[in-house]
2 protein chains.
Amino acid sequence: MGIVMNIGQAADASGVSAKMIRHYESIGLVPQADRRDSGYRDYDPEDVHRLSFVRRARDLGFPLERIRVLLGLWGDPTRSSAEVKALALTHIEELEEKARHLQEMADVLRGLADACDGDGRPHCPIIEGLEARSVPASSPSGERPISRSSSTRLPSRRSPSPGRR
Amino acid sequence: MGIVMNIGQAADASGVSAKMIRHYESIGLVPQADRRDSGYRDYDPEDVHRLSFVRRARDLGFPLERIRVLLGLWGDPTRSSAEVKALALTHIEELEEKARHLQEMADVLRGLADACDGDGRPHCPIIEGLEARSVPASSPSGERPISRSSSTRLPSRRSPSPGRR
DNA sequence: TGCGCGCCTTCCCATCATGGGAAGGTCAAT
DNA sequence: ATTGACCTTCCCATGATGGGAAGGCGCGCA
């Protein structure tokens with residue numbers, strides 16, 4: 001009856017690619033679309049509205065799992081704005097943490113680059129900086145795992161054997 | 001003859017996990033390690049030095065493909081520091097661009113969060129902000145693809161048919 | 001000699017969000 | 001009826017990393 005669009009039109013209207021709309025449906029982020037007899041998906045304005053919501057949340061960097069929660073709050077008339085705000089603040093923290101981390105890396109590198117003449121000669125503080133001392137950068141959430149505890153396992157120089165290289 | 005380590009020791013010494021060392025070797029980022037008769041990989045101090053170099057470059061956010069180039073410059077006595085500097089500056093630009101993008105998203109969201117009471121009531125400017133106007137954010141390199149040109153294909157309200165929902 | 005534990009090997013799968021492309025069916029206008 | 005744009009599903013790729021399985025190796029200790 002009402003205005004009905006196929007996936008391409010819904011994609012254009014919402015800003016979410018058809019590929020992604022299908023994907024969001026497959027992971028249950030958005031409900032399964034109605035189908036025409038032909039198998040084509042059908043979208044009405046409400047569907048498009050929801051997709052636009054997802055699109056804007058993605059534009060703000062929300063990961064899909066958090067958007068799943070946001071969609072739940074969106075459609076829940078009994079939600080408290082406190083829940084939404086808490087979710088948003090958590091996300092803001094993560095965004096700023098990542099931004100800080102990136103900027104920190106850029107700053108360290110800028111320091112090395114500033115010390116580099118950038119001429120035709122091979123001497124280069126940047127290369128030396130990579131070769132030598134560890135980067136002080138206080139890594140963010142994505143903390144470096146430290147591979148494994150060294151502990152017991154030690155050097156063990158191999159006695160005269162097949163020789164290497 | 002010299003000091004020889006197996007992959008776990010090289011991992012501890014370089015800060016690159018054994019898993020990653022094997023991966024770097026598989027994609028040709030680092031040369032194939034020597035093997036003992038048993039099949040175990042062998043690493044000498046030079047190998048560990050190279051792995052440490054990779055590790056520091058990763059810590060500074062260099063993608064592996066750029067590290068591949070860096071390793072080439074590192075081992076090239078005829079390199080010009082200008083080449084290295086250019087690579088570094090390009091990378092710095094990218095890092096700052098990403099940092100800006102993240103911070104921009106955080107700022108927009110902060111604006112919405114500031115307007116949200118965060119109390120027990122459902123009214124929430126954050127949800128409304130996601131629902132309504134598009135986020136002005138000037139996206140960085142990772143530009144939003146715009147799904148597809150709308151062009152010809154238009155609405156086409158389906159005339160009285162099998163009815164939906 | 002043999003046991004056992006911790007290391008090594010390869011191989012496959014998962015992450016996160018997105019896109020590319022193939023093979024084949026549908027729709028609407030000519 | 002033909003054509004071209006659209007739709008369908010399915011598989012694969014990205015980038016860097018990790019998890020885990022199945023089976024072999026190394027070495028200390030009884």
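Chain letters run A, B, ... following the sequence lines, proteins first, then strands; residues in each count from 1.
If you check residues 61-74 of chain A against DNA chain D, you find no residue with a heavy atom closer than 4.0 Å.
Counting to the nearest Å, the P atom of D:dC7 and the CD atom of A:Glu25 are 14 Å from each other.
Not one side-chain nitrogen or oxygen of A:Ser17 sits closer than 4.0 Å to the OP1 or OP2 atom of C:dT18. Within the structure, every side-chain polar atom (N or O) of A:Arg36 is placed at least 4.0 Å from both OP1 and OP2 of C:dC27.
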Show each protein N/O and nucleotides 9-13 of chain D N/O combination with a separation under 3.5 Å, one pair to a line.
unit_1	atom_1	unit_2	atom_2	d
D:dT9	OP1	A:Arg35	NH1	3.4
D:dT9	OP1	A:Arg35	NH2	2.9
D:dT9	OP2	A:Arg41	NH1	3.0
D:dT9	OP2	A:Arg41	NH2	3.0

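Direction change of the helix axis from one end of the helix from C:dT1-D:dA30 to C:dT30-D:dA1 to the other is 30°, with five pairs defining each end axis (rounded to 10°).
Evaluation of the side-chain hydrogen bond (donor to acceptor under 3.5 Å, both in side chains) rule for B:His123 yields B:Glu128 as partners, not counting sequence neighbours.
For residues 109-127 of chain A, every residue pair satisfying the salt bridge (Lys or Arg N to Asp or Glu O under 4.0 Å) rule, not counting sequence neighbours, is listed here: A:Arg110-B:Glu96, A:Asp117-A:Arg121, A:Asp119-A:Arg121. Every pair passing salt bridge (Lys or Arg N to Asp or Glu O under 4.0 Å) that includes a residue from residues 68-87 of chain B is listed here, sequence neighbours excluded: B:Glu65-B:Arg68.
For the residue pair B:Leu64 and B:Leu29, the shortest heavy atom distance occurs at O-CD1, 3.7 Å.
Toward the 5' end of DNA chain D, the nearer of the two residues A:Ser38 and B:Ser38, judged by each one's closest nucleotide, is A:Ser38.
Picking from D:dC7, C:dC7, C:dT18 the nucleotide with the shortest atom distance to the side chain of A:Asn6 gives D:dC7.
The base of C:dC7 lies close enough to the side chain of B:Tyr40 for a donor and an acceptor atom to sit less than 3.5 Å apart.
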